[in-house]
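All figures in this text were calculated on a predicted structure; none of them were measured in a lab.
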Amino acid sequence: MTAASHTFANKEIQRFSRFLTVGAIGTLLDFSLLTSLKLAGLPTLFANTFSFTAGLINNFTWNRLWTFHETVHLNWRRQLVQFTVVSLIGLALNNAILLSLESVLGSILGQPEWGYLPAKVIATGVVVFWNYFANRKWTFKN
């Protein structure tokens, strides 16, 4: 491995680690809001969409300022639109996975009302890879 490719690999690992850190905070926000809204009696689709959107705003801000800080000089409005497009596709994937697994996992657990939580974990695990690579190659491309 050449010095340049080693440096690039280290920088990409650091960037992905920062993306995961920001994502973890956004996910904590997302899960907390989702659980609170579900406990308040709201339907899963509405609760998940609202909580996912709160996570999106958090994640755009911190990814722009910290994870992909070298692109901060680029037009933030354009980046926000691109980040939102990527995130809306992620939201569609997240909702599709969550809604398709909620009942099945609730039945497996013997707790139908809590099936959304493991379904959300699976959905989040899938969508994180979509979000990183789409944002890395499009939204925060330098």
Side-chain angles (χ1 to χ4, degrees), residues 1 4-142:
M1 183 180 279
S5 63
H6 183 67
T7 300
F8 175 79
N10 284 342
K11 192 171 190 174
E12 201 60 35
I13 289 168
Q14 180 184 38
R15 186 178 290 122
F16 188 65
S17 296
R18 286 179 176 191
F19 184 84
L20 291 176
T21 300
V22 169
I25 294 166
T27 299
L28 180 61
L29 175 63
D30 183 3
F31 274 67
S32 298
L33 281 172
L34 174 63
T35 301
S36 297
L37 294 171
K38 285 293 290 177
L39 289 172
L42 294 174
T44 300
L45 184 60
F46 176 80
N48 188 54
T49 301
F50 184 82
S51 66
F52 188 92
T53 301
L56 178 147
I57 293 166
N58 172 80
N59 291 357
F60 172 75
T61 302
W62 288 109
N63 279 315
R64 185 170 196 281
L65 297 175
W66 187 48
T67 307
F68 302 103
H69 59 86
E70 66 276 2
T71 68
V72 76
H73 66 281
L74 300 176
N75 184 318
W76 71 268
R77 288 174 186 89
R78 181 173 178 227
Q79 285 181 319
L80 178 59
V81 168
Q82 290 171 312
F83 191 86
T84 300
V85 168
V86 169
S87 295
L88 288 173
I89 293 168
L91 174 61
L93 292 168
N94 191 287
N95 278 331
I97 294 167
L98 175 67
L99 293 173
S100 67
L101 295 177
E102 180 180 21
S103 294
V104 173
L105 294 174
S107 294
I108 290 170
L109 291 172
Q111 299 284 330
E113 67 277 7
W114 292 102
Y116 70 92
L117 285 174
K120 180 72 171 179
V121 169
I122 293 168
T124 300
V126 171
V127 172
V128 72
F129 290 101
W130 157 255
N131 284 342
Y132 179 76
F133 289 110
N135 280 307
R136 174 74 179 101
K137 296 298 181 186
W138 187 45
T139 308
F140 297 111
K141 182 179 178 185
N142 194 8

Review point. Asn135 versus Asn63: any side-chain heavy-atom pair under 4.5 Å?
Key: no
Practice item. Tell me, with the steps shown, if Trp66 and Thr21 meet side chain to side chain contact (heavy atoms under 4.5 Å, CB included). Key: CA-CA 10 Å; Trp66 187 48; Thr21 300; 4.0 Å; yes
Point to revise | Spacing of Ile122 atom CD1 and Leu98 atom CG [to the nearest 0.5 Å] | key: 10.0 Å
Review point. Stepwise, does the side chain to side chain contact (heavy atoms under 4.5 Å, CB included) test hold for Val128 with Phe19?
Key: CA-CA 9 Å; Val128 72; Phe19 184 84; 4.0 Å; yes
Review point. Per the side-chain contact (heavy atoms from CB on, under 4.5 Å) rule, which among Leu29, Asp30, Thr35 passes with Leu33?
Key: Leu29
Let me check something: any side-chain donor-acceptor pairs from residues 88-95 under 3.5 Å, sequence neighbours excluded? List them with distances.
{"from": "Asn94", "atom 1": "OD1", "to": "Asn48", "atom 2": "ND2", "distance (Å)": "3.2"}
{"from": "Asn94", "atom 1": "OD1", "to": "Lys120", "atom 2": "NZ", "distance (Å)": "3.3"}
{"from": "Asn95", "atom 1": "OD1", "to": "Asn48", "atom 2": "ND2", "distance (Å)": "2.4"}

Check your understanding: Distance from Gln14 atom CD to Thr67 atom OG1, nearest 0.5 Å?
Key -> 9.5 Å
Check your understanding: Is a side-chain donor-acceptor pair under 3.5 Å present for Thr71 with Lys141?
Key -> no
Review point. What heavy-atom pair brings Gln79 and Thr139 nearest, and what distance separates the two atoms?
Key: O-CG2, 3.3 Å
Anything under 3.5 Å between a donor and an acceptor, one on a side chain of residues 105-118, the other on a protein residue two or more places apart or in another chain? List them.
{"from": "Ser107", "atom 1": "OG", "to": "Ser103", "atom 2": "O", "distance (Å)": "3.0"}

Point to revise | Listed partners of Asn75 passing side chain to side chain donor-acceptor pair (under 3.5 Å), at least two apart | key: none
Study note, to complete from the structure: All heavy atoms of Ser87 vs all of Asn131, minimum pair found to be CA-OD1, 4.4 Å
Point to revise | Greater than 12 external heavy atoms within 6.0 Å of Phe16's CZ | key: yes
Practice item. Report yes if the side chains of Trp62 and Arg18 come closer than 4.5 Å at any heavy-atom pair, otherwise no. Key: no
Review point. Any side-chain heavy atom of Thr124 within less than 4.5 Å of one from Phe31?
Key: yes
Review point. Can you find a heavy atom in the side chain of Asn59 that is under 4.5 Å from one in the side chain of Phe83?
Key: yes
Revision key, fill the gap. Here the gap from Thr49 atom OG1 to Leu56 atom CG, rounded to the nearest 0.5 Å, amounts to 12.0 Å
Practice item. Report the C-alpha separation of Trp130 and Val86 in whole Å, then their side-chain angles, then the decisive distance to 0.1 Å, and conclude whether the side chain to side chain contact (heavy atoms under 4.5 Å, CB included) test is met. Key: CA-CA 8 Å; Trp130 157 255; Val86 169; 3.7 Å; yes
Review point. CG/Leu65 to CH2/Trp76 distance, rounded to the nearest 0.5 angstrom?
Key: 11.5 Å
Point to revise | salt bridge (charged side-chain N to carboxylate O under 4.0 Å, His left out) assessment of Glu70 paired with Lys11 | key: CA-CA 12 Å; Glu70 66 276 2; Lys11 192 171 190 174; 5.4 Å; no
Check your understanding: Are Phe60 and Gln82 close enough that some pair of their side-chain heavy atoms sits under 4.5 Å apart?
Key -> no
Practice item. For residues Leu42 and Phe50, determine if any side-chain heavy atom of one lies less than 4.5 Å from a side-chain heavy atom of the other. Key: no
